[in-house]
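One-based numbering, in listed order, for ligands and for the atoms of each.
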Amino acid sequence: MGRTVRRAAVGLTAGALVLGFPVAVSAQAGEPAEATAETLQASTLRDAAASQGIFVGTAVNDGLLSNSTYSSIASDEFSSVTAENVMKWESIQPSQGNFNFAGGDRLVNFAQANDQQVWGHTLVWHSQLPSWVRDGGMSASQLRQVMNTHITTVMDHYEGDVAYWDVVNEAFNEDGTRRPSVFQTTLGDGYIAEAFRTADAADPNAKLCINDYNIEADNAKSDGMFNLVSSLLNQGVPIDCVGFQSHLILDQVPSTFRSNLERFTNLGLEVVITELDIRVSMPADSAELQRQSQQFASVTSTCLAVEGCVGVTVWGISDRDSWVPDVFPGEGAACLWDDNYQPKPAYTGMLTALGGEPGGGEPEPPTGCSVSYVVNRWNTGSVVEVRITTSTALNGWSVNFTLPAGTITNHWNAQITQSGTTVRAANAAHNANVAAGGSFGFGFQTNSGATYTTPTISLNGANCTTA
Ligand code: G2I
């Protein structure tokens, strides 16, 4: 098959997240001078997910792409986009031989403009199936040809543009038996293997998945899925992945989620959370939204914990765009953003589970100072010239260091006081103000010819580095 499991690294920005600050200006108030690098935390879902080696996706509603608030979130936060409806059969081949790729092409263009993966959804499904297929009364050979033509034509069109396809969607009843779709009843059990073989021939490089809901727990339906994919693999059918839709209900994240995913990855398949949302009885109160946050985080962590779980896709961006209220009256608030496109606690929960932090990607401006300390020494005296470059603007400064031997007998361009080996130099009236990136200097003479190595020097309480 040549189909291998690996973690996808999409939106390859992870490397950019560990930034080394300039060494010469590394010291910050209260921090040791040797703190020369900081690890920044990602502030978007996609950067955080990339740093974990997984993708994070959303279903995209074609009708909302023209809404700039919506499309900005879709592009800024996600590294993968799934066609919520426009690649379904009724959209793409509403009548026989009449293919309409306009909506799918819009999604592909959007994704390419934003360095995103496209997840194709879905080729063979009982729902959103046009009546010419669903009720057409076709013979097995006719339907087989229609199914294969649909798969081949659509996958050919998107070859190279769609990374993963849900080849078959929702093939099971809740008890793990086959759902009596027109494909099942007309073609029999073998339609799934046939669909995957046809898909593999159409685009050998796309990852081919089977996708379903209520298979997150170890239960009769996921047993049905497990037995099917085991049998497909045994027959050499080209299948790469199982999609766990994960349309969940608040407080009902299954405890067997991880072990269930692992029995599939143990077969060598990738697993993906493909349609995550967590619905709440309306109105949702703040305690419920907090629990929802923990549960988005928990599902995300479950994926991260499973080698072979390559991504998490949420089903829609905001609560107002979600399919949930239409189908489950009285329930909603299932997404990461609220009705006003404001991030909910669930957003922060998911971002944090991915190792990110809201606002965490903004680099602190580098602050600090570097020092040059030049000594001219003779038997009974020394002249020292100190020059300090500051990365931040100064409005008055105070410099502290130690002098191992001798007494300061003269000084210039600073007010200097000495107490034992401790020296403090403060700005003179003329050099109190220093621009960011600028430097200032002062000097002094001592009555000692001892060797002065460059001491640790602090500027306004923060240690400087040595230039
Ligand atoms: O039902 C939730 C999801 C379950 N898994 C498969 C997914 O494909 C499915 O997505 C939903 C979409 O989110 C809805 O947007 O699938 C529904 C159809 O089964 C989609 O709803 C349909 C409405 O029922 C239609 O009235 C509407 O014309 O969306 C259509 C296009 O906006």
> So, Asp166 and Trp125: side-chain donor and acceptor under 3.5 Å apart, yes or no?
Replying inline: no
> Would you say the side chain of Ile388 lies within less than 4.5 Å of the side chain of Trp397, judging by non-hydrogen atoms?
Replying inline: no
>> Quick check for you: to the nearest 0.5 Å, what is the distance between Trp337 atom CH2 and Glu77 atom CD?
In response: 4.5 Å
> Which of these passes side chain to side chain contact (heavy atoms under 4.5 Å, CB included) with Ile54: Val272, Leu354, Val310?
Replying inline: Leu354
> With respect to Leu232, which candidate in Ile192, Asn227, Leu269, Ile210 satisfies the side chain to side chain contact (heavy atoms under 4.5 Å, CB included) definition?
Replying inline: Ile192
>> Ignoring hydrogens, what is the shortest heavy-atom contact between Tyr213 and Arg179? Give both atom names and the distance.
In response: OH-NH2, 3.1 Å
> ligand 1: which residues have a non-hydrogen atom closer than 4.0 Å?
Replying inline: Glu84, Asn85, Lys88, His121, Trp125, Ser127, Gln128, Asn169, Glu170, Gln245, His247, Glu275, Trp315, Trp323
